[in-house]
Each structure stands twice: as C-alpha cells, then as structure tokens.
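Notes follow once the structure below has been shown.
Side chains are part of it too, since the values below use all heavy atoms of this structure and drop only hydrogens, waters and symmetry mates. Here is how names work: the chains are called A, B, and so on, in the same order as the sequence lines, proteins then strands, and each is numbered from 1. Owing to the predicted nature of the structure, the values given are computational and were not obtained by experimental measurement.
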2 protein chains.
Amino acid sequence: MDNREHPLGLDHSLGFALGVSYRKISALLASRLRPIGLTPEQWSVLARISEKDGQIQKEIAERAGKDKPTTTRILDGLEAKGFITRKIGPSDRRSFEVSLTEQGRNAAELAAPVERDTIREACAGFTAEQYRTMMKWLDAINSNVDRILQPETE
Amino acid sequence: MDNREHPLGLDHSLGFALGVSYRKISALLASRLRPIGLTPEQWSVLARISEKDGQIQKEIAERAGKDKPTTTRILDGLEAKGFITRKIGPSDRRSFEVSLTEQGRNAAELAAPVERDTIREACAGFTAEQYRTMMKWLDAINSNVDRILQPETE
DNA sequence: CGCAATTAGTTGTTACAACAATTATTTCAT
DNA sequence: ATGAAATAATTGTTGTAACAACTAATTGCG
C-alpha cells in the first residue's frame with residue numbers, strides 16, 4: 001500500500017477497526033447463541049466438526065483458525081456440555097477423533113441460521129459483490145501476515 | 001444484503017473471517033510491540049491517551065472501542081508499567097484524569113511507527129483507495145450492529 | 001433541600017487467545 | 001532396532017473481553 005496516504009491516528013488503523021468490528025459482531029452473536037448453549041467461538045469449532053465427522057483436533061484447529069491449546073479448551077467446553085465426544089485415534093494413539101453427539105447435532109442445526117441471519121443483518125446495505133470483495137481482502141491480509149510470520153519464525 | 005447468495009459454511013462467514021484476520025494481525029503486532037513492553041490492546045489505549053492529555057477513563061474507553069471494565073484493567077497494566085498516571089478529577093471526584101509519563105511518551109513514540117509499518121505490510125497489495133473502502137465498510141458494519149443492539153437493549 | 005436515579009470506576013466470573021513448557025506417541029536415520 | 005527429532009494434545013500463565021454486581025460521587029426532580 002502507498003505510504004503517505006493515511007496520517008495514522010488510530011482512527012485510521014485497520015488493525016484497530018478490525019478488532020472493533022469483530023468484537024461488536026461477536027457480542028451480538030453471543031447474545032443470540034446463548035439460549036442454544038453456545039458461545040461464538042464454541043460455535044465456530046462446532047461448525048467445523050459438523051462439516052466432517054471424526055476429524056482430529058489438529059485438523060479442527062487449523063480449519064477453525066485457532067491454535068491447539070485454544071482448540072483443546074473449547075473442545076473441553078463442548079464435551080462438558082455433551083455436544084461432542086473424543087475417541088482415541090485408531091491409527092495414532094496421540095490423537096483424538098472428534099464427533100458430534102445427537103445434542104451437538106441439534107445445537108448446530110439451531111445455531112447455523114442464527115449466525116447466518118446475524119451476519120446478514122450486520123452486513124445490511126452490502127451487495128453480495130461487496131461482501132465477496134470484503135472476504136477476498138480479508139483473505140489477502142491473512143496471506144500477507146502468514147507470509148511475514150513464516151520467515152520470521154524459521 | 002441479498003439472501004440466497006452465500007451458501008454458508010463458515011468459509012463464507014464474515015464474522016469468522018474478521019476474527020481470523022484480527023487475530024493474525026494482533027499476533028504479528030504483539031511480537032513486534034513486546035520489546036517496547038506493550039501489548040496491542042495496551043497500545044490501542046496508550047495511543048488514545050497520547051492524542052489528548054487528561055482525558056477521563058470513560059472518554060478513553062469510548063475512543064478505544066472498549067468497555068469500562070476492560071479499560072480499567074488495561075490502564076491498571078499501563079500504570080503498573082509506569083506508562084501512565086491517574087489523578088482524581090478536580091471537578092468530579094468519581095473520575096480519573098489520565099496522563100502519560102515520560103516513559104509512556106517514549107513507548108508511544110516507539111510503538112506508533114511499529115504499528116504503522118505492520119499494518120502496511122499486512123495490507124501489501126492494497127491501494128489506498130481499497131484501504132479506505134475497507135475502513136468504510138467496517139464502519140458500516142459497526143453502525144449496523146449498534147443499531148441492532150440499541151433497540152434490543154431498551 | 002433531600003432522596004432517587006444516574007454516572008465513573010472497580011471487582012468478580014467466565015470464556016478466548018498466545019506463548020511456553022510438558023507428556024505421550026510416532027517417525028526417521030542410522 | 002534404537003535413540004533423536006517430530007508430532008498430538010494438554011497444562012500453566014498472562015492478557016483481553018463481556019456481563020453483572022457493586023461502591024462512591026453527582027444530578028435532578030419534587
């Protein structure tokens with residue numbers, strides 16, 4: 001991006017703005033998912049599990065955009081509520097295969113439209129095209145950051 | 001936004017994508033601010049304080065996009081590190097006026113370019129125009145969510 | 001004036017997130 | 001086949017966030 005364009009108080013910081021929007025949407029979603037017994041982050045993990053049964057935690061973590069410790073603790077919560085079960089991996093005893101319970105499947109079916117509607121309302125006034133562009137830009141940011149972190153860590 | 005356009009696995013959830021991007025940028029920023037002794041959120045508050053001396057906590061909270069309890073605790077951290085001082089409000093003894101210490105000013109001067117550069121790198125490939133559009137859209141989302149929450153809470 | 005409602009800030013609780021360190025298992029290179 | 005390196009998951013610690021409940025000071029209405 002060109003340099004001298006945004007003078008930069010934090011009013012102009014995308015990182016900051018991203019955080020504010022994320023927190024606002026999360027708070028709204030949290031209030032609506034509470035009756036189902038899910039937090040937004042538990043839902044984001046549960047949704048991944050419901051897409052494919054028997055994934056191991058590492059896979060779930062990657063697909064949910066969370067690190068392994070965070071995933072472990074979210075799964076602990078989901079297991080405590082009876083939404084998932086863990087089964088020792090048959091081919092690799094270090095891993096756990098995660099499955100939905102009947103209750104978990106019910107919760108996921110209730111939660112999906114709640115999230116969909118909430119996002120729609122939050123994006124009122126956006127065209128579908130703008131929505132897609134936004135998603136594409138967020139992806140580009142993710143790739144940029146991944147690329148920066150990669151060589152730094154090596 | 002039009003309804004039937006994004007089939008919606010979580011791959012298509014803006015809320016989710018926002019969270020992933022926010023966390024990635026935060027993590028990168030955290031690693032670079034650590035030598036200065038600041039976390040990203042501490043920096044977001046310190047930046048607001050450095051914009052105007054003597055604000056009370058309520059003002060700072062609003063401008064930083066955080067609630068009062070969170071602001072209290074971030075200020076606790078900044079005070080413990082010697083970056084700010086709190087002084088009882090002369091006209092209202094319930095409030096505290098917050099000021100930077102010399103150390104706090106130094107930290108802010110170090111942190112500002114670190115954040116600016118980090119955001120620039122994260123937005124590599126964006127035109128200034130696209131950057132502004134993105135900010136505008138995030139603002140629109142914030143307004144939408146605020147509008148939804150307002151009547152619900154009343 | 002006087003007391004109820006409001007406001008500024010704090011504290012408690014629960015839930016996430018990042019990082020580091022640890023355990024248990026598996027893989028690989030000799 | 002064996003010991004070092006890698007891998008899956010967990011635990012510990014610190015920091016952030018939302019919500020509710022609380023204290024203390026201030027405002028404003030009757």
Side-chain angles (χ1 to χ4, degrees), chain A residues 15-16 19-34 37-45 55-62 64-81 86-98 145 149 152-153, chain B residues 16 19-34 37-46 55-62 64-81 86-98 145 149 152-153:
Chain A
F16 177 73
V20 174
S21 298
Y22 166 64
R23 284 192 293 272
K24 279 184 190 283
I25 291 185
S26 284
L28 176 59
L29 194 53
S31 70
R32 297 181 173 186
L33 289 177
R34 189 162 307 124
L38 288 171
T39 66
E41 301 306 334
Q42 284 170 352
W43 161 241
S44 79
V45 168
Q55 294 172 89
I56 67 171
Q57 299 189 191
K58 178 191 157 72
E59 275 180 274
I60 296 169
E62 278 165 8
K66 300 185 185 311
D67 67 1
K68 283 191 297 176
T70 299
T71 305
T72 289
R73 281 182 263 243
I74 292 178
L75 290 174
D76 288 346
L78 290 172
E79 194 174 30
K81 289 177 187 166
R86 293 194 248 215
K87 197 186 70 189
I88 293 177
S91 60
D92 183 343
R93 285 182 309 171
R94 289 170 305 182
S95 64
F96 290 100
E97 294 184 348
V98 178
V145 174
L149 282 175
E152 273 183 8
T153 318
Chain B
F16 178 73
V20 173
S21 297
Y22 166 65
R23 284 193 291 273
K24 278 184 191 282
I25 291 186
S26 283
L28 176 58
L29 193 53
S31 71
R32 295 180 173 185
L33 289 176
R34 189 161 305 126
L38 288 171
T39 66
E41 302 305 334
Q42 285 170 351
W43 161 240
S44 79
V45 168
L46 197 69
Q55 296 172 89
I56 66 171
Q57 298 188 191
K58 179 190 154 71
E59 276 179 271
I60 296 169
E62 278 165 8
K66 300 186 186 309
D67 67 2
K68 286 190 297 178
T70 300
T71 305
T72 289
R73 281 182 261 244
I74 292 178
L75 289 173
D76 288 346
L78 291 172
E79 194 174 29
K81 287 176 188 169
R86 290 194 251 216
K87 197 185 70 189
I88 292 179
S91 61
D92 184 342
R93 285 182 308 171
R94 286 170 308 181
S95 65
F96 290 102
E97 294 184 348
V98 178
V145 175
L149 281 176
E152 273 184 8
T153 315

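Residues passing the ring-ring contact (aromatic ring centres under 6.0 Å, His included) test with A:F96, sequence neighbours excluded: none. Under the rule for a side-chain contact (heavy atoms from CB on, under 4.5 Å), the partners of B:K81 that lie at least two apart in sequence or sit in another chain are B:Q42, B:F83. A:D92 pairs by the salt bridge (Lys or Arg N to Asp or Glu O under 4.0 Å) definition with A:R94, not counting sequence neighbours. The salt bridge (Lys or Arg N to Asp or Glu O under 4.0 Å) check on B:K68 picks up nothing, with sequence neighbours excluded.
Going from atom CD1 of B:I88 over to atom C1' of C:dG9 covers 12 Å, rounded to whole Å. Here D:dC19 presents its C1' atom at 15 Å from CZ of A:R23, a figure rounded to the nearest Å. Rounded to whole angstrom, the span from the CD atom of B:E62 across to the C1' atom of C:dG9 amounts to 14 Å. Distance, B:R32 CZ to C:dA18 P: 16 Å, rounded to whole Å. For A:L78 and C:dA15, the CG to P distance is 11 Å, given to the nearest whole Å. If you take CD of A:E41 and C1' of D:dA17, they are 11 Å apart, rounded to a whole angstrom. Rounded to an integer number of Å, the gap from A:L33 CG to C:dA15 P is 14 Å. What separates CG of B:L29 from P of D:dG15 is a distance of 16 Å, to the nearest Å.
Residues B:S91 and B:Q42 each lie close to DNA chain D; by heavy-atom proximity, the contact nearer the 5' end of the strand is made by B:Q42.
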Exercise. When every nucleotide of nucleotides 3-13 of chain D is labelled 5' to 3' by its protein contacts under 4.0 Å (heavy atoms), B for base, S for sugar-phosphate only, - for none, what sequence of letters results?
Worked result: ----BBBBBBB

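Between B:R93 and the phosphate of D:dT26, there is a side-chain N or O to OP1/OP2 separation shorter than 4.0 Å.
A donor-acceptor pair is defined here as one N or O able to donate and one able to accept, closer than 3.5 Å; no such pair exists between the side chain of B:S26 and the backbone of B:R23.
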Expected list for residues 73-80 of chain A: side-chain donor-acceptor pairs under 3.5 angstrom, two or more places apart:
residue : atom : partner : partner atom : Å
A:D76   : OD1  : A:R86   : NH2          : 2.3
A:E79   : OE1  : A:R86   : NE           : 3.2
A:E79   : OE1  : A:R86   : NH2          : 3.1

